[in-house]
Amino acid sequence: MRLDKFICKSTELSRNEAKSLLKQGEVRVNGEVIKNPATQVHENNEITVDGQSLMARTSRYIMMNKPLDTICSNVDENHPSLLHLVEVDKAFDLHIAGRLDVDTTGLVLITDDGRWSHNIISPKKLCKKTYRVWLRNSLDEAIIEQFKLGVQLQGESSLTQPAQLIVAEGCDDKKEVLLTITEGKYHQVKRMFAAVFNRVVGLHREQIGDIVLPDDLALGQWRHLTEEEVNSVS
Ligand code: URA
């Protein structure tokens, strides 16, 4: 981790305040004054500010039920970042593991542990994500087999990974389905249904790996993950 980031993570200081301490020569790494904020450090290094030893804070792991019209970004664009809703210290030091579109709701995982989020995002890890999807047209059940085999998305060179598709319980018109995929290509779910001449009219993520969005977490609400939930990601 960068030295300025380490200082922020283990103190109340902002990134600019950390940089200014570094400039003043107040920071030592293993006894040596270091001024370059980009210097890479890890938790085994002895890092002192003004003679005081810093301890890295433990990482934070949060789930949120993302509301409509918020974005999964650390900067506001046409819509506000959902990080505004997370009332923790230095919320904008966190990042979102696996983005949802502005018009998608549901489960997002938020952390400052890059290694942990890599296990969710990396296509190699095949981490399952389950979406409840509302379709414009009733599902043609032949599509279930097609999604199992993989579909060709526009602009992609290979088929999608096998995906599991089922009609939602009690849905007679077959316009509400549950789709489980292991990838996270740009607009993947919408593009998968577009590839079979249907259209997504509503999208809500319910599960990532073994972590399930609880029914009692309303849109816009968040909570810390339990230890078991954190450890389920590997
Ligand atoms: N697939 C989409 O098309 N949109 C999302 O927000 C997530 C997956």
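Numbering of ligands and ligand atoms starts at 1, following listing order.
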Does any N or O of ligand 1 fall below 3.5 Å from an N or O anywhere on [X], backbone included?
X: Leu203; answer: no
X: Arg99; answer: no
X: Arg191; answer: no

Verify whether one side chain among [X] and [Y] offers a donor that lies under 3.5 Å from an acceptor in the other.
X: Glu46; Y: Ser53; answer: yes
X: His95; Y: Thr111; answer: no
X: Thr70; Y: His79; answer: no
X: Thr130; Y: Thr180; answer: yes

Only one of Leu107, Val200, Leu100 forms a side chain to side chain contact (heavy atoms under 4.5 Å, CB included) with Tyr131, so which one is it?
Leu100
Looking only at protein heavy atoms, which one is nearest to atom 1 (N) of ligand 1, and what is the separation?
Val189 N, 3.0 Å
Counting non-hydrogen protein atoms only, what is the nearest one to atom 5 (C) of ligand 1? Give residue, atom name and distance.
Asp101 OD2, 3.4 Å
Go through ligand 1 atom by atom and flag the ones less than 4.0 Å from a non-hydrogen atom of [X].
X: Leu100; answer: 6 (O), 7 (C)
X: His187; answer: 1 (N), 2 (C), 3 (O)
X: Thr104; answer: 4 (N), 5 (C), 6 (O)

Among Asp112, Asp89, Asp113, salt bridge (charged side-chain N to carboxylate O under 4.0 Å, His left out) partner for Arg60:
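Only one of Asp112, Asp89, Asp113 forms a salt bridge (charged side-chain N to carboxylate O under 4.0 Å, His left out) with Arg60, namely Asp112.
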Tell me whether ligand 1 is touched by Tyr131 - counting only heavy atoms on the residue side and a distance under 4.0 Å.
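The answer is yes, since Tyr131 has a heavy atom less than 4.0 Å from ligand 1.
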Minimum heavy-atom distance Ala195-Leu153, with the two atoms named:
CB-CD2, 4.4 Å
